Q: 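Below is the structure I would like to discuss, written out as structure tokens.
These numbers come from a predicted model, not from an experiment. Every chain is numbered from 1, with letters handed out A, B, ... down the list of sequences.
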Amino acid sequence: MKIYNTLSGKKEELQTLKPHRVNMYVCGPTTYNLIHLGNARPLVVFDTVRRYLKHRGYEVTYIQNFTDVDDKIIKRAWEEQTDPLELASHYIEEYFIDADALGIDRADIHPRVSQHIEDIIATITGLMEKGYAYEVDGNIYYRVRAFADYGKLSGRSVEEMFSGARVEVDERKEEPADFALWKKAKPNEPSWHSPWGEGRPGWHIECSVMATKYLGETIDIHGGGADLIFPHHENEIAQAEAYTGQPFVKYWMHNGFITVNSEKMSKSLGNFFVLRDILAKYPADVIRYYLIATHYRSPLDFDDSKLEEARKALGRLKTTLTLTREFVDDEPEITELTVAGKALLEKTHELEQKFNEAMDDDFNTAMAMGFLFELSRLLNSFMADQDRREPAARTAVKNAAEIFMELLSVLGIIIERDTNDEQYVNLLLKLLLDLRNLARQEKDYALSDAVRDRLNGLNVKVEDNPEGSRFRYEVSPAVDELLEYILAIRQESKAQRQYARADWIRDNLQENGIILEDTREGVRWKFADA
RNA sequence: GGGCGGGUGGCGAAGAGGCUAACGCUGUGGUCUGCAAAAUCACCAUUCACCGGUUCGAAUCCGGUCCCGCCCUCCA
């Protein structure tokens with residue numbers, strides 16, 4: 001299995017420190033607002049890396065931090081007249097709402113800076129003792145010149161750094177490139193006691209300290225966005241390696257950026273899309289699909305049409321899943337396979353193999369998905385010309401579909417949604433009332449009464465008054481049951497060749513986001529936006 | 001200015017020396033179907049920014065040119 005290592009600029013064979021174990025650390029967000037789509041990319045990418053490593057039999061320890069002490073948090077808290085740590089805590093909760101929706105598995109540990117001040121002070125003290133850091137008036141700086149390997153990750157020389165004009169100029173530092181390990185407290189800032197007085201950690205030290213604390217002096221994989229390569233990850237290396245004397249990270253992985261109209265999505269340009277807003281418009285699995293349909297190191301240009309395309313493409317895979325479930329049904333009959341069934345399974349295993357090979361090559365999700373689509377077509381065409389009444393055919397589909405489903409779940413691109421949304425309940429009830437009124441106009445009192453009785457049976461009261469009808473319920477009826485009833489009415493209409501009524505039902509549902517598809521054996525429904 | 005990465009069909013996106021340039025979306029035609037949808041089958045790049053070179057053979061390697069993005073400052 002190969003991983004592109006930013007440190008060497010090449011794909012390298014993965015050799016973990018301990019066999020069958022991977023320790024990975026991923027830089028998490030600074031929690032001072034809701035995350036945007038750009039922030040979501042590394043979440044999904046590294047979650048997928050983690051899932052695949054597990055799929056390949058590795059035991060993965062996954063750490064993702066929260067930066068909850070930071071200039072931006074302090075600034076925001078001051079603007080909102082609240083406590084910085086409370087603000088950070090609040091946005092950590094908000095973060096989990098979004099991350100959970102996207103199906104991001106929780107890290108084994110989510111350490112926060114504010115809970116590791118003692119460890120950070122100990123590390124800074126050690127760095128000072130070894131001559132890698134110095135104090136200036138309550139501030140501690142890292143002496144970049146003392147670390148010979150400085151610049152090895154970002155590919156720039158120390159001299160280049162020193163001559164760089166854009167580095168923050170601070171007369172008190174020995175060199176312009178030196179960076180803060182500890183910042184002296186300013187009035188009204190969160191601060192902690194230290195040997196150098198009141199203060200707080202600099203940005204970079206937290207990751208060196210927390211990564212080594214939980215994963216050891218050398219870790220297997222460290223991930224993050226490409227913009228963290230310099231200075232953040234460069235500085236993490238300088239700190240950790242100077243302190244421990246050991247190589248800090250074996251494999252550095254960095255995801256590419258999301259752009260909008262070919263410009264980087266960023267706060268300063270104002271072209272960012274808050275993930276919460278996108279989640280309101282598109283299902284989480286569509287967003288997840290979109291984010292890994294392109295290789296993780298490539299740039300990704302965003303606009304609404306891309307999500308729409310992702311929705312349709314993923315819909316194809318979901319349709320196959322639906323079709324296989326219909327085809328197999330629940331009977332666990334196992335039978336000898338036919339020649340065609342054997343061929344199906346053989347090809348399925350081939351595609352599974354190819355899927356794994358693609359993922360083994362630096363997590364090529366784009367290529368791996370290509371094989372998923374091929375598997376999808378394979379299954380669909382098998383089902384199209386086989387008879388589902390044949391146990392052998394069902395057995396073959398069942399076995400192949402299990403593999404299909406497993407690969408989908410490695411990528412995390414199927415997230416089952418909760419169908420019992422009140423919005424749909426009300427919409428279906430309204431449709432039933434409309435249908436009932438239509439029946440009454442047509443003097444089909446048998447139907448109109450049947451509808452009312454059925455609704456009463458579901459504990460929904462129907463009230464007729466001069467302005468029309470309305471419904472009331474205390475306990476929400478289930479979407480499934482309502483739909484089942486509506487579809488039964490439609491089947492009855494079709495049987496009586498009342499196509500106008502049947503089509504009225506279908507059109508009405510479609511306008512409200514539920515699509516009906518007639519098949520030889522009945523009807524199936526699905527959400528239009530899924 | 002320095003450091004990375006990239007330009008592949010109408011669109012998105014794989015491929016990194018040699019099988020018909022994956023896969024998805026869109027489009028066209030056929031099958032199925034009360035109609036619709038879904039599914040299925042077929043078709044849709046002699047060509048991979050441009051110009052040279054290496055090679056029996058180049059999207060793929062080398063040199064040059066033109067564009068584009070990112071980093072060098074907080075940023076995923």
Q: The side chain of A:R377 lies closest to which of these nucleotides: B:rG24, B:rC72, B:rA39?
A: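 The closest nucleotide is B:rG24.
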
Q: From C-beta outward on A:D518, which listed nucleotide comes closest to its side chain: B:rC35, B:rA39, B:rA14?
A: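 Closest of the options to the side chain of A:D518: B:rC35.
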
Q: Looking at every strand, decide which applies to A:G256 at a 4.0 Å heavy-atom threshold: base, sugar-phosphate, or nothing.
A: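 Base contact.
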
Q: Between the side chains of A:Y424 and A:N512, is a donor N or O closer than 3.5 angstrom to an acceptor N or O?
A: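 Result is no, nothing qualifies.
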
Q: Determine, step by step, whether A:N65 and A:C207 satisfy the side chain to side chain contact (heavy atoms under 4.5 Å, CB included) criterion, reporting the C-alpha distance in whole Å, the side-chain angles of both residues, the deciding distance to 0.1 Å, and the verdict.
A: CA-CA 8 Å; A:N65 69 300; A:C207 289; 4.0 Å; yes

Q: Side chains of A:S8 and A:E12 only: does a donor on one sit below 3.5 Å from an acceptor on the other?
A: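 Note: A:S8 and A:E12 side chains meet the donor-acceptor criterion.
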
Q: Counting just side-chain N and O atoms, does A:K264 come under 4.0 Å of either OP1 or OP2 of B:rC71?
A: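 Looking at the OP1 and OP2 atoms of B:rC71, one of them is under 4.0 Å from a side-chain N or O of A:K264.
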
Q: Quick one: the dot-bracket string of RNA chain B, using Watson-Crick and G-U wobble pairs with both distances under 3.5 Å, [ ] for crossing pairs and | for bases paired to another strand.
A: ((((((((.[[[..)..(....]]].(((((.......))))).....[[[[[..)....]]]]])))))))....

Q: For A:R143 and A:E175: C-alpha separation, side-chain torsions, deciding distance, then whether salt bridge (charged side-chain N to carboxylate O under 4.0 Å, His left out) applies.
A: CA-CA 8 Å; A:R143 184 177 283 128; A:E175 302 269 7; over 6 Å; no

Q: Of the nucleotides B:rA76, B:rA39, B:rC74, which has the atom closest to the A:A384 side chain?
A: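 Ranking B:rA76, B:rA39, B:rC74 by closest atom to the A:A384 side chain puts B:rA39 first.
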
Q: B:rA39, B:rC75, B:rG34: which one has an atom nearest the side-chain heavy atoms of A:S266?
A: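 The nucleotide sitting nearest to the side chain is B:rC75.
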
Q: Are any of the side-chain heavy atoms of A:L411 and A:F355 separated by less than 4.5 Å?
A: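 Contact flag for A:L411/A:F355 side chains = yes.
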
Q: Measure the distance from CG on A:L275 to P on B:rC75 and round it to the nearest whole Å.
A: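 Spelled out: CG on A:L275 to P on B:rC75 is 20 Å.
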
Q: Are A:K281 and A:D529 within salt-bridge range, i.e. N to O under 4.0 Å?
A: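 Looking at A:D529 together with A:K281, the answer is no, because their closest N to O distance does not fall below 4.0 Å.
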
Q: Using a heavy-atom cut-off of under 4.0 Å over every strand shown, decide if A:K72 touches base, sugar-phosphate, or nothing.
A: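 Sugar-phosphate, backbone atoms only, no base.
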
Q: Give one of base, sugar-phosphate or nothing for A:M265, where a contact means two heavy atoms less than 4.0 Å apart.
A: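 It contacts base atoms.
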
Q: Specify the glycosidic conformation (syn or anti) of B:rA59, with syn defined as within 90° of 0.
A: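 Base orientation relative to the sugar is syn.
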
Q: Rounded to whole angstroms, how far apart are CG on A:L351 and P on B:rA22?
A: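 In whole Å, B:rA22 P and A:L351 CG are 15 Å from each other.
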
Q: Could you walk me through whether A:D518 and A:R524 pass the salt bridge (charged side-chain N to carboxylate O under 4.0 Å, His left out) check?
A: CA-CA 7 Å; A:D518 289 318; A:R524 86 175 136 252; over 6 Å; no

Q: From C-beta outward on A:P231, which listed nucleotide comes closest to its side chain: B:rG34, B:rC74, B:rA76?
A: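 In terms of side-chain proximity for A:P231, the closest of B:rG34, B:rC74, B:rA76 is B:rC74.
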
Q: Contact class for A:R490 (heavy atom, under 4.0 Å): base, sugar-phosphate, or nothing?
A: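 If one applies the 4.0 Å heavy-atom cut-off, A:R490 turns out to touch a base.
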
Q: I'd like to know if the side chain of A:N380 pairs up with that of A:T320 as donor and acceptor (distance under 3.5 Å, no hydrogens or angles considered).
A: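 The criterion, which ignores hydrogens and geometry beyond distance, is satisfied for A:T320 and A:N380.
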
Q: Heavy atoms under 4.0 Å, any strand shown: does A:G224 hit a base, just sugar-phosphate, or nothing?
A: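 The residue A:G224 makes sugar-phosphate contact but no base contact.
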
Q: If you only use heavy atoms from C-beta on, which nucleotide in B:rU40, B:rC35, B:rC71 is closest to the side chain of A:D227?
A: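 In terms of side-chain proximity for A:D227, the closest of B:rU40, B:rC35, B:rC71 is B:rC71.
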
Q: Between B:rG34, B:rA22, B:rC71, which nucleotide has the shortest distance from any of its atoms to the side chain of A:K494?
A: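 Of B:rG34, B:rA22, B:rC71, B:rG34 is nearest to the side chain of A:K494.
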
Q: Quick one: which of B:rC35, B:rA14, B:rC41 gets closest to the side chain of A:T294?
A: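 Selected nucleotide: B:rA14.
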
Q: Hey, can you pull the residues of residues 99-113 of chain A with a non-hydrogen atom under 4.0 angstrom from RNA chain B?
A: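 Contacting residues: none.
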
Q: Of all the nucleotides listed (B:rG24, B:rC35, B:rC74), which has the minimum atom distance to the side chain of A:A313?
A: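 Given the options B:rG24, B:rC35, B:rC74, the side chain of A:A313 is closest to B:rG24.
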
Q: Just do the salt bridge (charged side-chain N to carboxylate O under 4.0 Å, His left out) check on A:E521 and A:R388 with the steps written out, would you?
A: CA-CA 11 Å; A:E521 295 166 32; A:R388 67 173 292 275; 3.4 Å; yes

Q: Whether A:E442 and A:R501 form a salt bridge (side-chain N of Lys/Arg under 4.0 Å from carboxylate O of Asp/Glu) is what I want to check.
A: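 Looking at A:E442 together with A:R501, the answer is yes, because their closest N to O distance falls below 4.0 Å.
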
Q: For A:I229, answer base if it contacts any base atom (sugar-phosphate contacts may also be present), sugar-phosphate if it contacts only those atoms, and nothing otherwise; contact means non-hydrogen atoms under 4.0 Å.
A: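 Nothing, no heavy atom under 4.0 Å.
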
Q: Does A:H232 reach a base, just sugar-phosphate, or nothing at all? Heavy atoms under 4.0 Å.
A: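 If one applies the 4.0 Å heavy-atom cut-off, A:H232 turns out to touch nothing in the nucleic acid.
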
Q: Using the side chain to side chain contact (heavy atoms under 4.5 Å, CB included) definition, which of the options A:V45, A:D362, A:N255 pairs with A:R297?
A: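 Testing each of A:V45, A:D362, A:N255 against A:R297, the sole residue satisfying side chain to side chain contact (heavy atoms under 4.5 Å, CB included) is A:D362.
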
Q: Tabulated below should be each protein N or O lying under 3.5 Å from an N or O of nucleotides 6-8 of chain B; please produce it.
A:
none

Q: State, to 0.1 Å, how close A:P201 and A:V113 come at their nearest heavy-atom pair, and which atoms those are.
A: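 Heavy-atom minimum between the residues: CG-CG1, 4.0 Å.
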
Q: Going by atom types only, do A:H233 and A:H254 share a side-chain donor-acceptor pair under 3.5 Å?
A: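 The answer is yes; a qualifying pair exists.
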
Q: What contact category does A:D70 fall into here, base, sugar-phosphate, or nothing, at under 4.0 angstrom with non-hydrogen atoms?
A: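 Counting heavy atoms under 4.0 Å across all strands, no contact is made by A:D70.
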
Q: Name the nucleic acid region contacted by A:R497, choosing base, sugar-phosphate or nothing; use a 4.0 angstrom heavy-atom cut-off, strictly under.
A: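 No contact.
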
Q: Using a cut-off of 4.0 Å on non-hydrogen atoms, how would the nucleic acid contact of A:S305 be classed: base, sugar-phosphate, or nothing?
A: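 Since no nucleic acid heavy atom lies under 4.0 Å of A:S305, the category is nothing.
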
Q: Heavy atoms under 4.0 Å, any strand shown: does A:D507 hit a base, just sugar-phosphate, or nothing?
A: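 Counting heavy atoms under 4.0 Å across all strands, no contact is made by A:D507.
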
Q: How is A:Q510 classified with respect to the nucleic acid when contacts are heavy atoms under 4.0 Å: base, sugar-phosphate, or nothing?
A: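 No contact.
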
Q: Starting at CG of A:N235 and ending at C1' of B:rC72, how long is that distance when rounded to a whole Å?
A: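 Atom CG in A:N235 sits about 13 Å away from atom C1' in B:rC72.
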
Q: Any donor-acceptor pair under 3.5 Å joining the side chain of A:R41 to the base of B:rA76?
A: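 Side chain to base: no pair below 3.5 Å.
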
Q: Heavy-atom nearest nucleotide on RNA chain B for A:L516 versus A:N380: which residue maps closer to 5'?
A: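 The 5'-side residue here is A:L516.
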
Q: Quick one: the side chain of A:R520 and the base of B:rC32, do they pair up donor-acceptor inside 3.5 Å?
A: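 Side chain to base: no pair present.
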
Q: Determine whether the aromatic ring of A:F257 stacks with the base of B:rA76, defined as ring centroids separated by less than 5.5 Å and ring planes inclined by less than 30°.
A: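 Stacking between A:F257 and B:rA76: absent.
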
Q: Starting from the 5' end of RNA chain B, give me the residue, A:S298 or A:F373, whose nearest nucleotide shows up first.
A: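 Looking at RNA chain B, the more 5' nearest nucleotide goes with A:S298.
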
Q: At under 4.0 Å between heavy atoms, what does A:R316 touch on the DNA or RNA strands: base, sugar-phosphate, or nothing?
A: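 Sugar-phosphate, backbone atoms only, no base.
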
Q: Can you tell whether the side chains of A:R311 and A:E308 come within less than 4.0 Å, N to carboxylate O?
A: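 Salt bridge: yes.
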
Q: Would you classify A:N39 as touching base, sugar-phosphate or nothing, given that sugar-phosphate means primed atoms plus P, OP1 and OP2, and contacts are heavy atoms under 4.0 Å?
A: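 Base: the residue A:N39, judged by heavy atoms under 4.0 Å, touches a nucleobase.
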
Q: Counting heavy atoms from C-beta on, name the nucleotide in B:rG34, B:rG5, B:rC71 closest to the side chain of A:D503.
A: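 Nucleotide nearest to A:D503's side chain: B:rG34.
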
